[in-house]
J.: 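A single structure is presented below for examination.
Each chain gets a letter, A, B and so on, in the order its sequence line appears, and its residues count up from 1.
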Protein chains: 2
Amino acid sequence: MATIRDVAKEAGVSVATVSRVINSNGYVNEETKKKVEKAIQLLNYKPNAVARSLFKKQSMTIGLIIPDITNPFFPQLARAVEDVTNEKGYTIILGNSDESSEKEQEYLDIFEQKYVDGIILATNTLTVEQIASLGKPVVAVDRPIDSGVPTVVAEHRRGAQAAVRHLLDTGCQTIAHIRGPEHVVSADERCKGYLDIVKDKPWFSDQLVINGHYAINDAYKAASELIKDRPDVDGIFAGNDLMAIGALKAARELGKKVPEELAIIGFDGIDMCETTFPELSTMVQPIYELGATAANMLIELIENRRVNQQYYEYPVQLKVRNSSRGRPPKDVNHADNI
Amino acid sequence: MATIRDVAKEAGVSVATVSRVINSNGYVNEETKKKVEKAIQLLNYKPNAVARSLFKKQSMTIGLIIPDITNPFFPQLARAVEDVTNEKGYTIILGNSDESSEKEQEYLDIFEQKYVDGIILATNTLTVEQIASLGKPVVAVDRPIDSGVPTVVAEHRRGAQAAVRHLLDTGCQTIAHIRGPEHVVSADERCKGYLDIVKDKPWFSDQLVINGHYAINDAYKAASELIKDRPDVDGIFAGNDLMAIGALKAARELGKKVPEELAIIGFDGIDMCETTFPELSTMVQPIYELGATAANMLIELIENRRVNQQYYEYPVQLKVRNSSRGRPPKDVNHADNI
DNA sequence: TTGAAAGCGGTACCAG
DNA sequence: CTGGTACCGCTTTCAA
């Protein structure tokens, strides 16, 4: 690979001059500029990004840590981040953390050693201290870390409330909640949203909240038991779509008709919702937008070191499909329920 | 951030000595080693990966280019690559190409400039020349590029044959194929596999091969027309699961019973197959294994520059689910078809 | 408008 | 066993 020195020699100028033309900064005569460009062409010269990074202490790469790209929520998010950062000339390093803070810290260390310019984090096992000690811009996405850290999230709690209200509207008498993992902010918030609505209902009891760890299978098992133990449950709000799908499966296997005997609604709005049977009602998050906004904000932070808004909270949207529709509403009457 | 010089000063030794202890190579006295380690501890020193890369001309990072992480086939692949490379100390840069050769070439250039140590490619728009000119180890995954580049794929053609045979076994009389995009190797191969089996059948005609571009919606539209135009079609082999799902939707909307009137089978084995209704039969690829093998091979190539096997072709496995079962077989009798 | 040279933070060769 | 030092390839003063 040709170096800047080769180009300088070929063009009969100094490396300083070559540097000036490739960065188009500083004065350089048209003539010499032409010569240099020809030499660059001739040698197919591409500046060495590593050498440049070493000097500038920045690498035009950003780190992205997510729990697991295999979870259908994250590909869209990652894609959004890639799209906008790539557009601005950045490149992304991807890390799956499996929610493990060791893995996350490992990645953080690597990012530091590689002069990554900024980091996007979907996690909650990291502390503000760990993040502050990086001395690099960080934005939290999907899961807030601390009010000190720029954040892009959806309205988990409010969305959860809306989901439960929808179930109520549709005539449900006893609504259970399959929650995500403890201490995962989004799961906690959604659970709170559920409780906000139901905690004062006469039928409510702790027993109605079960844990599905954001996973199809865990939710499947938990829902199976729930359905057997509590035949009176006629509505389930799952903390994410995957768990809702698990519940759907449990219901089918136990011969519980959805939505007639049991209405189910999820959260996230992943593509799978449209391919299940019955199709799954859900609270749709603007996943791509979350990622894009986070990426844009991060780049602002990197390049300007200042930003007008530090906290974005996107509304989620109720999308009614067949898993929660078509049941005779008790006290309400919706035209589209027929 | 502390540098190696800071550590040297703190420990009262030379940078050379510090370098020796952090790389544990060359002789170094136990005593001095202790001193150095203490200094490292004290200053919380982490070697600068960029400086190291500049000198060693390698970066402990590998580039991964895939068409689109949003396509459910790729997250698993990417995860496998990340898992095994990370295990060996590498880090991955992810690029979505959208099948565009310009984007791919862009990434290749960036990889070169960043001293990426090796590349894993799921693409077919790149030429051997472009790859050879990189002068870096490259392995092709999912889609072979050229016999000259190390490759890990599944048995697309043979798998397709098995899928079609299964449909035949199950009693189908007229089988159509929704193929993937032209010039995408995997799609071409699967189409060939289909033709291998059906081209001599009396009922076969070109009209039975339609294009769904590996996408749910395109397949949905194509299948809708097909079902209307050719009511005699009673079996569809889709080139991937996404398209099979599109076909499923078309069938449902047109009141065509699956599998009684129309059997459908896909290809890939993505998770969604288990959440559709009816659940989707498919040819399961060992996706994770493909990625893991590719990653392992790449690392061998990077570290040893030699490898015993250059070409892996994994068998795919027929997984029968309800989208192609339960119909009365015509000439055959399978116990599990009841 | 251009060039010389001092780094950026490591590595590894060569002396001692 | 340890230290001095010349690079790796590029950027950026500082002078000319």
J.: For the side chain of A/Asn23 and the backbone of A/Ser19, is there at least one donor-acceptor N/O pair under 3.5 Å apart?
T.: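 Such a contact is found between A/Asn23 side chain and A/Ser19 backbone.
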J.: Where each residue is assigned the nucleotide of DNA chain D containing its nearest heavy atom, which of B/Ala16 and B/Lys57 is assigned the position nearer the 5′ end?
T.: B/Ala16
J.: What pair of heavy atoms forms the shortest contact from A/Asp6 to A/Met1, and how long is it?
T.: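 Smallest interatomic distance, heavy atoms only, reads OD2-O, 4.3 Å.
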J.: Is atom NZ of B/Lys38 surrounded by more than 12 heavy atoms (other residues, nucleotides or ligands) closer than 6.0 Å?
T.: no
J.: If you walk 5' to 3' along DNA chain C, what is the first nucleotide with an atom under 4.0 Å of a heavy atom in chain B, and what is the last?
T.: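 In short, chain B contacts DNA chain C from C/dG9 to C/dC13.
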J.: For B/Asn296 and B/Glu300, which I'm curious about, is there any donor-acceptor pair between the side chains at under 3.5 Å?
T.: no
J.: Take atom CD1 of A/Ile4 and atom P of D/dC8, then tell me their distance rounded to the nearest Å.
T.: 14 Å
J.: Taking DNA chain C as the partner, which of residues 17-27 of chain A come within under 4.0 angstrom of it by heavy atom?
T.: A/Thr17, A/Arg20, A/Tyr27
J.: side-chain contact (heavy atoms from CB on, under 4.5 Å) with A/Leu121: which of A/Val141, A/Ile145, A/Val139, A/Ile66?
T.: A/Ile145
J.: Could you state the CG-C1' distance from A/Leu54 to D/dT11, rounded to the nearest angstrom?
T.: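 So the two atoms are 11 Å apart, to the nearest Å.
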J.: In whole Å, what is the span from the NZ atom of A/Lys9 to the P atom of D/dC10?
T.: 13 Å
J.: Roughly, in whole Å, what's the span from OH in B/Tyr115 to C1' in D/dC10?
T.: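 One finds 11 Å between C1' of D/dC10 and OH of B/Tyr115, rounded.
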J.: Nearest-Å distance, CG (A/Asp6) to P (D/dC8)?
T.: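 That distance rounds to 11 Å.
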J.: OP1, OP2 of D/dG3 versus side-chain N and O of B/Ser14: anything below 4.0 Å?
T.: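 Result: yes.
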J.: So with a 6.0 Å cut-off around CD of B/Gln41, is the heavy-atom count from everything else above 12?
T.: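 It does not: B/Gln41 CD has 12 such atoms or fewer within range.
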J.: What is the nucleic acid contact for A/Val13, judged by heavy atoms within less than 4.0 Å: base, sugar-phosphate only, or nothing?
T.: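 Sugar-phosphate contact only - A/Val13 comes under 4.0 Å of backbone atoms but never of a base.
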J.: With a 6.0 Å cut-off (strictly less than), is the heavy-atom count around NZ of B/Lys35, excluding the residue itself, greater than 12?
T.: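 Counting neighbours around NZ of B/Lys35, more than 12 heavy atoms of other residues, nucleotides or ligands fall under 6.0 Å, so yes.
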J.: Is any side-chain N of the basic residue among B/Lys56 and B/Asp117 closer than 4.0 Å to the acidic one's carboxylate O?
T.: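 Answer for the salt bridge query: no.
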J.: Checking the side chain of A/His156 only, and the main-chain atoms of A/Asp142 only, is there a donor and an acceptor separated by less than 3.5 Å?
T.: yes
J.: Can you confirm whether A/Lys33 is buried at NZ, in the sense that more than 12 heavy atoms of other residues, nucleotides or ligands lie under 6.0 Å from that atom?
T.: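 Counting other residues, nucleotides and ligands, NZ of A/Lys33 stays at 12 neighbours or fewer.
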J.: Over 60° means perpendicular and under 30° means parallel, so classify the ring planes of B/Phe111 and B/Tyr107, tilted if in between.
T.: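 Plane angle between 30° and 60°, so tilted.
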J.: Got a sec? Which of residues 28-47 of chain A come in under 4.0 Å of DNA chain D, heavy atoms?
T.: A/Tyr45, A/Pro47
J.: Rounding to a whole Å, what distance do you find between B/Arg52:CZ and D/dG9:P?
T.: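 Taking atom P of D/dG9 as the reference, CZ of B/Arg52 is at 18 Å.
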